[in-house]
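Everything on this sheet refers to the single structure shown next.
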Amino acid sequence: MADAPAYRYTAALAGRIELEWQKRWAEEGTQHTPNPEGDLADGFQRVAARPKLYVLDMFPYPSGSGLHVGHPLGYIGTDVFSRFKTMTGHNVLHPMGFDAFGLPAEQYAVQTGQHPRVTTEDNIANMRRQMERLGLGFDWRRCIATTDVDYYRWTQWIFLQLYNAWVDPATNRARPVSEAPDGDVERLVYQDDALVNWCPALGTVLANEEVTSEGRSERGNYPVHRVPLRQWKMRITAYADRLLEDLDRLDWPEPIKAMQRNWIGRSTGARVFFPTDGAAVEVYTTRPDTLYGATFMVVAPEYGGLDDLVAPEWPAGTPARWTGGGTTPAEAVAGYQAEVSGIRDVDRLSAARDKTGVFTGSFATNPVNDEKIPIFVADYVLAGYGTGAIMAVPAHDQRDFEFAREFDLPVVGVVETPEDWQWDEAYEGPGRAVNSPLIDGLPTDEAKARITAWLEAEGRGQGAVAYKLRDWLFSRQRYWGEPIPVVYDDAGNVHAVPEDQLPVELPELDNYEPEVSDDPDDMTVPQPPLARARDWVEVTLDLGDGPRRYRRETNTMPQWAGSCWYYLRYLDPHNDRALVDPAIESYWMGDEADKQPGGVDLYVGGVEHAVLHLLYARFWHKVLYDLGHVTTPEPFQRLFNQGYVLANVFRDERGQPVPALDVVEEDGAFFYEGKPVTREQGKMGKSLKNSVTPDEMYEAYGADTLRLYEMFSGPLDTSRPWDTEAVVGVYRFLQRVWRLVVDEDSGALRVTDAPLDDESRRELHRTIEAVRDGMESLRFNVSIARLMELTTALARANQPSREGVEPLVLMLAPLAPHISEELWGRLGGTESVTRQDFPAADPEWTRQDRITIPVQVKGKLRGTVDVDAGATQADLESAARAEPKVAGYLSEGSWRAIVVPGRLVNFVPA
RNA sequence: GCCCGGGUGGCGUAAUCGGUAGGCGCGGGGGGCUUAAACCCCCCUGGUCCGCAAGGGCCGUGUGGGUUCGAGUCCCACCCCGGGCACCA
C-alpha cells in the first residue's frame with residue numbers, strides 16, 4: 001500500500017475527497033430544494049420554470065444498531081434518481097426523516113430509566129451521520145421526526161379533524177360534524193367496546209394487522225387474546241370503496257394493488273332475513289342462488305342477538321351430538337362460548353381444524369321454502385364479518401359441508417354438478433340451479449340476480465356488499481406515542497381538546513413500566529403507563545364553558561399515525577399555523593396535467609408496507625382531501641418496491657447463527673471454529689450475525705464505491721446477496737475513471753483537447769442514450785455497465801479526449817457524486833456537477849450508417865454481413881448469399897430468403 | 001388451499017418490439033510490473049467434440065409440448081424457489 005503511486009484513487013484519497021465535498025455541499029446548501037414561497041423559498045427563481053419532482057423514501061425507525069449496508073439500498077437508488085433528474089432540469093424534492101415513536105426506545109427506558117427521547121435523538125444523530133457520510137443528497141433542513149413536539153402537534157390536529165368529521169352519505173365524502181343536519185352521525189373516530197387483541201407479554205392491545213395468522217404478536221411472537229375493552233377506532237371502512245376503486249388510477253406494482261384489494265376484500269351478495277320464533281336473523285351470503293340448499297344456520301359465538309335464540313330446553317329428539325353435553329341449550333351455548341374465548345383463541349384463528357359448535361335449540365324458517373332449519377353456534381363463523389350469522393349450504397360451501405358431516409345434517413344439492421361428482425366435498429363452482437322452484441335452470445349469475453330481486457320484492461332481503469376490511473384499532477397502552485388529544489368529564493363524556501390547546505405533550509415519568517404480565521395468558525388489562533402521571537391526567541381546562549376538571553385520555557396512538565402524513569410535513573416543516581401551506585402543498589403534490597391523482601411522484605420502499613402503512617396513509621389523505629386540506633385524492637402516484645440486500649446466514653448444529661465474518665470455506669463446506677456450519681440466504685441483521693456496516697465499507701473503499709456497488713449488483717427492485725468480495729470490481733472501475741483524468745504519479749491532468757474520432761464519438765453517444773435509459777427506469781446496473789465499457793474505450797487512447805471524459809464524469813455524477821465533483825473540478829469546472837446538464841445524445845451520432853446483420857440458414861447462425869443501414873431486401877439477400885460461410889451451406893438445393901431489413905436474413909428451403 | 005413474483009455460465013446480472021444468448025462485474029486460469037508479495041495492468045474463461053494449429057461441429061436460458069422462417073422472450077401443461085392471504089360465507 002505504501003508504494004502505491006501518490007495520486008492513485010485509494011480508499012484514503014476517496015475518504016478525503018468525500019469528506020471535503022460533503023462539507024462543501026453542507027456549507028453551500030447544494031442539496032437544498034427551494035419552495036415556491038415561505039421560509040424555504042430562497043433560490044426558487046432559478047428553478048421556477050422547471051417541472052417539480054417529489055421523490056420520497058419510506059423513512060426509517062431510528063434503531064440503536066444504526067444502518068447496515070442493506071438499509072440504504074433504496075435511499076441510494078432515490079438519491080441517484082434525484083440527482084439525475086436534477087441534472088435533466090427538474091426541481092427535485094428528496095427529503096428524509098425518522099419514524100421515531102416505537103417500542104424499542106420505550107423498552108430501553110423501562111430497563112435503564114433513560115427517557116425515550118434521549119435514546120431516540122442519539123439514534124437519529126447516528127443514523128443521520130451515516131447517511132450524510134454516504135453522500136445522500138437530502139435537504140436536511142426539512143428533516144422531521146414523528147416524535148418532535150412540533151410534528152406530533154399536527155398528528156393530533158389530524159386526529160381531531162377525523163374525530164370531528166363524518167362521511168355524508170349524500171356525497172360519500174367526509175364533512176365536519178358541525179355541518180351535520182343532526183348531531184347523531186358516525187364520526188370517523190369513535191370508541192368501541194369490541195373484542196381487542198390483548199397481548200399480556202407486551203402489555204398492550206394490538207391491531208388485527210399486528211397479529212399473525214397463528215394468533216400471536218407480530219413483534220415478539222407472544223400469545224394474543226381476544227378480550228372486550230373500550231378502545232379508539234378509526235372508521236376506515238367508510239372509505240373501503242374509494243380505497244379500492246382509486247387503486248386503478250395509481251402507478252403501483254400490480255402485486256401490491258392485489259394485496260390491498262384482497263385486504264379490503266369487497267364481495268357482493270345479499271342479506272336475507274330468516275324468521276325465527278323471536279326476532280328475524282339476518283344473514284349475508286354471496287350465493288343467494290343456493291338459498292334452497294340452506295339446511296341449517298350458524299351464528300358466531302359473539303353474535304349480538306344470540307341470547308334471544310337460545311331455547312329454554314332441548315327440543316324433543318335433539319341428537320346428543322348437538323348438545324355439547326349441556327343439559328339445556330343455555331348451558332351448552334355458555335360452555336361453548338367459554339371454550340372458544342380465552343386461551344382457545346390461539347387455536348381458533350388457525351384454519352383447517354375440525355368444525356365445532358352446539359345447537360341453540362331453536363329454528364329459523366328458510367324464506368324460500370318455509371322449511372324449519374336448526375340454528376347452531378360455531379366459531380367458524382366470525383362475528384366481525386357480514387352480519388355474524390350465515391345460512392349454511394353444505395352442498396355448495398366446503399366449511400358448511402364439513403360442519404354438516406360433523407353434525408349429521410342434510411346436504412341438499414341445488415346447483416347442477418359435473419357428471420361424476422362424488423360428494424366427498426362441496427361443489428362450489430357455478431352451474432344451473434336445480435331443486436329451486438323460483439330459479440330452476442338459470443345459470444348462477446342469473447339465479448343470483450333473480451333470487452335477489454325476489455327477496456327485495458317480498459321484503460325478505462336485499463342486495464348487499466361486504467368487506468373483509470375492519471375499522472382501525474387506534475389505541476395503544478404505551479408511553480412512547482402521540483397522546484390522544486381528548487379528555488373526559490366527571491360523567492365520562494368525551495371532549496376533544498380544542499385545536500388552539502394543542503399540542504398535548506407527553507408528561508415526564510419516573511417509571512416507564514407498562515405493567516407487563518409474566519404470565520402470557522394473563523387476561524387482566526392494566527392501566528397504561530400514562531395513568532401514572534397523576535398531575536398530567538388530572539387537568540383543569542377551559543373548553544368554552546369556563547375552567548373545569550377533566551381526566552386526560554391515557555392511551556396513545558399507534559406507530560402508524562406519524563407515518564400517515566409525514567410526506568406532507570416535509571413540504572413545509574416549520575409552519576406553525578398549518579400542517580402545510582396550501583400553496584406549497586399544491587406545488588409539490590399537484591399534478592399539472594390533472595389526469596392523474598397526483599401526489600408524490602416516486603415513493604420507494606420495501607414490500608413489507610404493502611398493506612398497513614400504505615392503506616392507512618391513503619385513508620388519512622382522503623379524509624384531508626375531503627376536508628379541503630390537500631389538493632389530491634391520493635398521496636402516492638407512483639410506488640416502487642426496492643429489493644433487499646440478502647446475506648449468508650451460517651448456523652451451527654443447534655441452529656444458532658454464528659458470526660458470518662469468521663466462517664471459513666473449505667472445498668465447498670463451511671466451518672466456524674473448526675466445526676461445520678450450514679449456509680442459507682437471509683436478510684442482513686444483527687440477530688443473524690451477518691451485518692456489514694457502511695462504516696466498514698467507507699473505510700475499505702470509500703462511499704462512492706459502496707454506492708456504486710449497491711447500484712451495480714442488480715436492478716433496484718431485485719433482492720441480491722451481499723458479496724464483500726465483489727465490491728472490488730466497482731472500486732477498480734472508479735480507479736480507471738480517475739486515471740483517465742489524473743496521472744497517478746504526478747497528479748497532472750491527462751486529458752487532451754483533441755476531439756474523438758468518429759467511431760469513438762458514435763460509441764459515446766450510444767452510451768449516453770443507454771445510460772439515460774437505465775437511469776430513467778431505475779436500472780442503474782445497466783447504466784453502470786455501459787459506463788464501464790465507455791471507460792475502457794476512452795482508456796485505449798494514449799491521452800483521453802476531453803470530449804469523451806467530460807460526459808463520462810457528468811454521467812457518473814448521480815452515482816458517485818464525490819469523485820465526480822473532484823474530477824469535474826480538475827477538468828476546470830467551477831460550479832458543482834449537480835448544477836450541470838446531464839449529457840444528451842446527439843441523434844447525428846447515434847444513427848448507425850453501417851450495421852452488422854446476422855445471416856441464418858434454417859434458423860441457425862452461419863455468418864454475418866456488414867451493410868448500409870438503409871440496405872434494401874434485395875441488397876441484403878445478395879450480400880448474404882455472397883458471404884462465403886453462408887454460401888457453403890447454400891451450395892445444394894434451392895433456398896428462399898426471409899429478409900427483415902435492419903435485422904437479419906434467414907435462408908430456408910424453397 | 002387461493003393469489004402474486006421468479007428460474008439464463010461457478011456467482012450477481014445483461015439481452016425492454018420474437019431476430020447474432022452470455023455484454024458488464026466477481027470468481028477462476030495465464031501473462032506483465034516487482035528482489036518478492038500486495039496493489040495495478042493485459043489476455044483467456046457456458047458445456048462438449050474434432051483439429052498440431054487456424055478453425056469448425058453439436059448441445060445449451062427449470063422440464064415437456066406447441067405456435068413461428070426464427071422462442072430466454074408468445075401459448076399450454078408440469079417441476080422447483082420466494083412472497084402474500086388463509087374458516088371473510
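A, B, ... follow the sequence lines: proteins, then strands. Residue 1 opens every chain. Small disclaimer: the values here were computed from a predicted structure and weren't measured.
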*Taking 4.0 angstrom as the limit, do A:Lys257 and A:Glu254 come out as a salt bridge?*
yes
_Quick check on B:A14: is either OP1 or OP2 less than 4.0 Å from any side-chain nitrogen or oxygen of A:Asn781?_
yes
_What's A:Thr718 touching, base or sugar-phosphate or nothing? Going by heavy atoms closer than 4.0 Å._
sugar-phosphate
*Which part of the nucleic acid does A:Asn906 contact within heavy-atom distance under 4.0 Å: base, sugar-phosphate only, or nothing?*
base
*Applying a 3.5 Å limit to both distances, which nucleotide forms a Watson-Crick or G-U wobble pair with B:G1?*
B:C85
_Counting the benzene-type ring for Trp, do A:Phe296 and A:Phe403 have ring centres under 6.0 Å apart?_
yes
*Among B:C58, B:G25, B:C40, find the nucleotide with the atom closest to the side chain of A:Val728.*
B:C40
For nucleotides 71-77 of chain B, tabulate all protein N/O to nucleotide N/O atom pairs closer than 3.5 Å, reporting atom names and distance.
none

_Once you apply a heavy-atom cut-off of 4.0 Å, does A:Ser719 come out as touching a base, just sugar-phosphate, or nothing?_
sugar-phosphate
*Is A:Glu789 touching bases, backbone alone, or none of the nucleic acid, heavy atoms closer than 4.0 Å?*
sugar-phosphate
*What residues form a side-chain contact (heavy atoms from CB on, under 4.5 Å) with A:Ser891, not counting sequence neighbours?*
none
*In whole Å, what separates the P atom of B:U45 from that of B:G22?*
12 Å
*Describe the nucleic acid contact of A:Val900 in one word from base, sugar-phosphate, nothing, applying a heavy-atom distance below 4.0 Å.*
base
*Would you say B:C87 has OP1 or OP2 under 4.0 Å from some side-chain N or O of A:Gln398?*
no
*Are any of A:Arg862's side-chain N or O atoms less than 4.0 Å away from OP1 or OP2 of B:G57?*
yes
*For A:Ala726, which contact category applies under a 4.0 Å heavy-atom criterion: base, sugar-phosphate, or nothing?*
sugar-phosphate
*asked:* Going by the glycosidic torsion and a 90 degree boundary from 0, is the base of B:G29 oriented syn or anti?
replied: anti
*asked:* Ring centres under 6.0 Å, that's the criterion: do A:Phe733 and A:Phe712 meet it?
replied: no
*Is the base of B:C87 touched by the side chain of A:Lys355 through a donor-acceptor pair closer than 3.5 angstrom?*
yes
*Assign A:Arg796 to base, sugar-phosphate, or nothing according to its heavy-atom contacts below 4.0 angstrom with the strands shown.*
nothing
*Identify whether any heavy atom of A:Pro715 sits under 4.0 Å from a base atom; if not, whether one sits that close to sugar-phosphate; answer base, sugar-phosphate or nothing.*
sugar-phosphate
*Could you give the distance separating B:C50 and B:C44 at their P atoms, to the nearest angstrom?*
25 Å
*So what's B:C40 paired with, Watson-Crick or G-U wobble, going by both distances under 3.5 Å?*
B:G32
*Applying ring-ring contact (aromatic ring centres under 6.0 Å, His included), run through A:Trp895 and A:Phe907 and close with a yes or a no.*
CA-CA 6 Å; A:Trp895 301 84; A:Phe907 289 100; 7.4 Å; no
*Below 4.0 Å: OP1/OP2 of B:A86 and any side-chain N or O of A:Tyr385*: no
*Spacing of the P atoms in B:G12 and B:C49 (rounded, Å)*: 26 Å
*To the nearest Å, how far apart are A:Lys257 NZ and B:G84 P?*
21 Å
*Compare side-chain N and O positions of A:Arg739 against OP1 and OP2 of B:C41 and report whether any pair is under 4.0 Å apart.*
yes
_Euclidean distance for P, B:G60 against B:A53 (whole angstrom)_ = 26 Å
*Go through the side-chain N and O atoms of A:Tyr380 and A:Asp400 and say whether any donor and acceptor fall under 3.5 Å apart.*
yes
*Mind calculating the distance between CD (A:Gln735) and P (B:C42) to the nearest angstrom?*
12 Å
*asked:* Please report the distance separating the C1' of B:C76 from the corresponding atom of B:U67, rounded so that it comes out in whole Å.
replied: 11 Å
_Identity of whatever pairs with B:G60 - Watson-Crick or G-U, under 3.5 angstrom_ = none
*So what does A:Lys858 touch, heavy atoms closer than 4.0 Å: a base, only the sugar-phosphate, or nothing?*
nothing
_Length of the line joining A:Leu646:CG and B:G5:P, which is rounded to integer Å_ = 20 Å
*Under 4.0 angstrom between A:Lys885 side-chain N/O and B:G56 OP1 or OP2*: yes
*When the C1' atoms of B:C59 and B:G6 are considered, how many whole Å apart are they?*
26 Å
*Find out whether A:Ile236 and A:Leu243 are in side-chain contact, i.e. whether some heavy atom of one side chain is under 4.5 Å from a heavy atom of the other.*
yes
*Which value, in whole Å, describes the distance between the P atoms of nucleotides B:G70 and B:G66?*
12 Å
*With a non-hydrogen cut-off below 4.0 angstrom, is A:Tyr7 in contact with a base, only sugar-phosphate, or nothing?*
nothing
*Does a donor on one side chain and an acceptor on the other come within less than 3.5 Å for A:Tyr292 and A:Asn366?*
no
_Say we look at B:G9 and B:C24: how far apart would their C1' atoms be, to the nearest angstrom?_
14 Å
*So does A:Arg732 get a side-chain nitrogen or oxygen closer than 4.0 Å to the phosphate oxygens (OP1/OP2) of B:C40?*
yes
*Any donor-acceptor pair under 3.5 Å from A:Gln260 side chain to A:Ala610 backbone*: yes
*Relative to the 5' end of RNA chain B, which residue comes earlier, A:Gly729 or A:Ile898, by the nucleotide with the nearest heavy atom?*
A:Gly729
*State, yes or no, whether a side-chain contact exists between A:Leu815 and A:Met775 at a heavy-atom distance under 4.5 Å.*
yes
*asked:* It should be established whether A:Lys468 places a side-chain nitrogen or oxygen under 4.0 Å from OP1 or OP2 of nucleotide B:C87.
replied: no
_Euclidean distance, atom OH of residue A:Tyr9 to atom P of B:C39 [Å, nearest integer]_ = 18 Å
